[in-house]
Each structure stands twice: as C-alpha cells, then as structure tokens.
Amino acid sequence: MHVLVLGGTTEARRLAELLAAQLPDARVTSSLAGRVASPRLPPGEVRVGGFGGADGLAAWLRTHQVDALIDATHPFAGTISFNAATAASAAHVPLLALRRPGWVPGRGDDWHPVGSLDEAARALPALGRRVFLTTGRMGLAAFAGLDELWFLARSVDEPEPPYPARMEVLLDRGPFTAEGERELIRRHRLDVLVTKDSGGAATAPKLAAAREAGIPVVVVRRPPVPEGVAVAGTPDLALAWLRGTGPGAQPSG
C-alpha cells in the first residue's frame, strides 16, 4: 500500500509516525511545499516542491501507484486542497482531508471573525494601534498600507516585502506557552491580535493571553474542505480510515 501525505503540519508528521509504527509494510511518501527553510522531516520518504497543479498531481498518483491520498496540509492551504480533490477524482484514488478542529471562542473572548486577511486589515484601525500579527509571512502584504499602526509580526522564516512600514519581526516556531504570550503582550504593549483559525494547541496560548489582557482578536475564518471529501480530525482517525483503504478495499468515509 502506497500512501501519499500532503504534509507540512504537526498532524501530517504524527500520521507518518503512526504509519511507520503500525503499518510498517506500507510505503509512505510525505510531500512538503518547501516554503519553510528547515522543516521538521517526518519518517518515510519525503519529496519537496509542487506537483504542477491538479493535472501534475494526478499524473504523480498514477505513476507512483498511490493507493490513498491524505491531504494533511495547513487548514489555509486552499489551493492544494482543491487540487488534491480534483487529482484524486481523476486518478480514482481515495482522498481524506486531515484537519485539526478549529478554535471556538470562550467566555470573555472578544473575537472579530473575518473572511480574509484583507478584511482583517480593514478591521484593525478601529480595534487597536499596536498589533500582534500571527498570520505567517506569506500574507503580510495585506497590512502594508496601515502606516499608522505598529506591528509585531511572528514568523518561522524572515518575511519578504511588501509588509507594514512600522513592523518588528519575531522569528519563532511553536509550540508557545501562555506565560510567553502574556510577556509579549505586556512588553510590546500590544492591544489587538490577528490570527488565522488554524486550530490546534501549539499556537492556542495566544488566545488565552489575549483574553486575560482584555484585547480584541481578529480571527480569519478557514476555507472549507472541498465538497464531498471525507474529513478526519486527528491522525488516529486518519489511520483508522486508512486501515479500510487500499488495493481491493473500499474507503470508509
């Protein structure tokens, strides 16, 4: 059985570890986009780079005789998810989307949901002046025109322009702690947080810290999973789905 995991997330790496331990006879290939300079590599085979769109991915699935495709990319990697759905259908390969559950606001949260980074940028001037920006280095252009605001932008790798004129970059990688997030908010006098609803525990402490500090949070909603694609919320559930998938088997879901 050959499983292709479209990865780059904690869940993708954990799934590869589970497959290595519990399905040792399976061939597992993890595909990384290559946007992070020094990614944490999962066990098994690893390829880096794109496929050339849905047609290229479909051709790869056929050429490498893939029996099951797991889309375990970031919840905001919308293009690859739709390409995966198109390619899996064309190549007649079972597809599962592995998506960590999104965050849910709790008592005392002041959340402002928006549909895009552009909407987040438009909402900011009415909410604060010192912004904790945790949306990653790829979307900073949306905030480039907000010259009256100051930004602390956290990123795994150094961002490239365009980005806000008044910005300090903090290079760091999760998981983060509530104590550390509280200290950042205090030290930099941050009065508004911008985040994507990526879900998971690794970066969630910033939400608790914002709640404690009484500052608003602009939350960018995640794009939907392509219609008709089965979804698992954890690597263990994805493994259970895979056990019923493969040559001669019917996919569950």
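Counting heavy atoms from C-beta outward, K206 and T195 have side chains that approach closer than 4.5 Å. Using a 4.5 Å heavy-atom threshold, the side chains of L57 and L4 count as touching. T134 places none of its side-chain heavy atoms less than 4.5 Å from the side chain of T203. Within the 4.5 Å cutoff, side-chain heavy atoms of L61 are placed close to those of L69. Counting heavy atoms from C-beta outward, V217 and H112 have side chains that stay 4.5 Å or more apart. Between L193 and L207, the closest side-chain pair of non-hydrogen atoms falls below 4.5 Å. Considering only heavy atoms from C-beta on, V3 stays 4.5 Å or farther from V66 through its side chain. Taking 4.5 Å as the limit, every side-chain heavy atom of E45 sits out of range of all side-chain heavy atoms of S31.
Under a 3.5 Å cut-off, the side chain of D191 and the backbone N or O of R130 do form a donor-acceptor pair. Side chain of T9 to main chain of A72: a donor-acceptor pair is present (N/O by atom type, distance under 3.5 Å, no hydrogens or angles). A donor-acceptor distance shorter than 3.5 angstrom exists from the side chain of E119 to the backbone of G115, with no hydrogens or angles considered. Side chain of R221 to main chain of P224: no donor-acceptor pair is present (N/O by atom type, distance under 3.5 Å, no hydrogens or angles). Here the side chain of R13 pairs no donor or acceptor atom with the backbone of P42 at under 3.5 angstrom.
Looking at every heavy atom in both residues, P75 comes nearest to S198 through CG-O, 3.6 Å. G233 and L98 make their closest contact through C-CD1, 4.1 Å (heavy atoms, listed as atom of the first residue, atom of the second, distance). Scanning all heavy atoms of the two residues, the minimum distance from A12 to G7 falls at CB-CA, 3.5 Å. Considering all non-hydrogen atoms of both residues, W241 and A68 come closest at CZ3-CB, 4.2 Å. Nearest heavy atom pair, residue L95 against residue A88, reads CB-CB, 3.8 Å. Here the closest non-hydrogen pair linking I185 and A213 is CG2-CB, 4.0 Å.
Listed by chain and residue number, D147 satisfy the side chain to side chain contact (heavy atoms under 4.5 Å, CB included) test with A165 (two or more places apart in sequence, or in another chain). Residues passing the side chain to side chain contact (heavy atoms under 4.5 Å, CB included) test with S89, sequence neighbours excluded: none. Contacts of W150 classified as ring pair (Phe, Tyr, Trp, His ring centres under 6.0 Å), with partners at least two apart in sequence or in another chain: H188. Annotation: ring pair (Phe, Tyr, Trp, His ring centres under 6.0 Å) contacts of H64 (sequence neighbours excluded): W60. In this view, R100 and E11 satisfy the salt bridge (Lys or Arg N to Asp or Glu O under 4.0 Å) rule, not counting sequence neighbours.
Note that CZ of F51 is 6.5 Å distant from CD1 of I80, once rounded to the nearest 0.5 Å. Note: L6 CG to S30 OG = 9.0 Å, rounded to the nearest 0.5 Å. To the nearest 0.5 Å, the span separating CE on M1 from CZ on R243 amounts to 10.0 Å. Of the inter-residue distances, the one linking R14 atom CZ with L19 atom CG reads 10.0 Å to the nearest 0.5 angstrom.
Atom CD of E227 sits in a sparse spot, with 12 or fewer heavy atoms from other residues, nucleotides or ligands closer than 6.0 Å. A 6.0 Å sphere centred on CD of E212 holds more than 12 heavy atoms belonging to other residues, nucleotides or ligands. Dense packing is recorded around CG of D172, with more than 12 heavy atoms of other residues, nucleotides or ligands lying under 6.0 Å away.
A salt bridge does not link E179 to R182: none of the charged side-chain nitrogens sits closer than 4.0 Å to a carboxylate oxygen. R154 and E168 are not joined by a salt bridge, as no carboxylate oxygen comes within less than 4.0 angstrom of a charged side-chain nitrogen. Salt bridge R137/E158: absent, no basic N to carboxylate O contact under 4.0 Å. Salt bridge annotation for R211-D109: present, with a cationic side-chain nitrogen under 4.0 angstrom from a carboxylate oxygen.
With 3.5 Å as the limit, one finds a donor-acceptor pair spanning the side chains of T73 and D71. Side-chain contact, S81 with R99: a donor N or O sits under 3.5 Å from an acceptor N or O.
L190 and F176 are not part of a single hydrophobic cluster, where members link through side-chain heavy atoms under 4.5 Å apart. If you chain together hydrophobic residues whose side chains sit under 4.5 Å apart, L237 and L15 never meet in one group. The hydrophobic clustering, which links ILVMFWY residues whose side-chain heavy atoms are closer than 4.5 Å, places V5 and F82 apart.
As a member of the Ile/Leu/Val/Met/Phe/Trp/Tyr network built from side-chain separations under 4.5 Å, L133 groups with F76, V114, L117, L124, L127, V131, L140, F143, L146, L149, F151, Y163, M167, V169, L171, V192, V194, V218, V220.
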Original post:
Would L152 and L170 satisfy side chain to side chain contact (heavy atoms under 4.5 Å, CB included), going step by step from the backbone distance to the final call?
Top reply: CA-CA 7 Å; L152 177 66; L170 174 62; 4.1 Å; yes
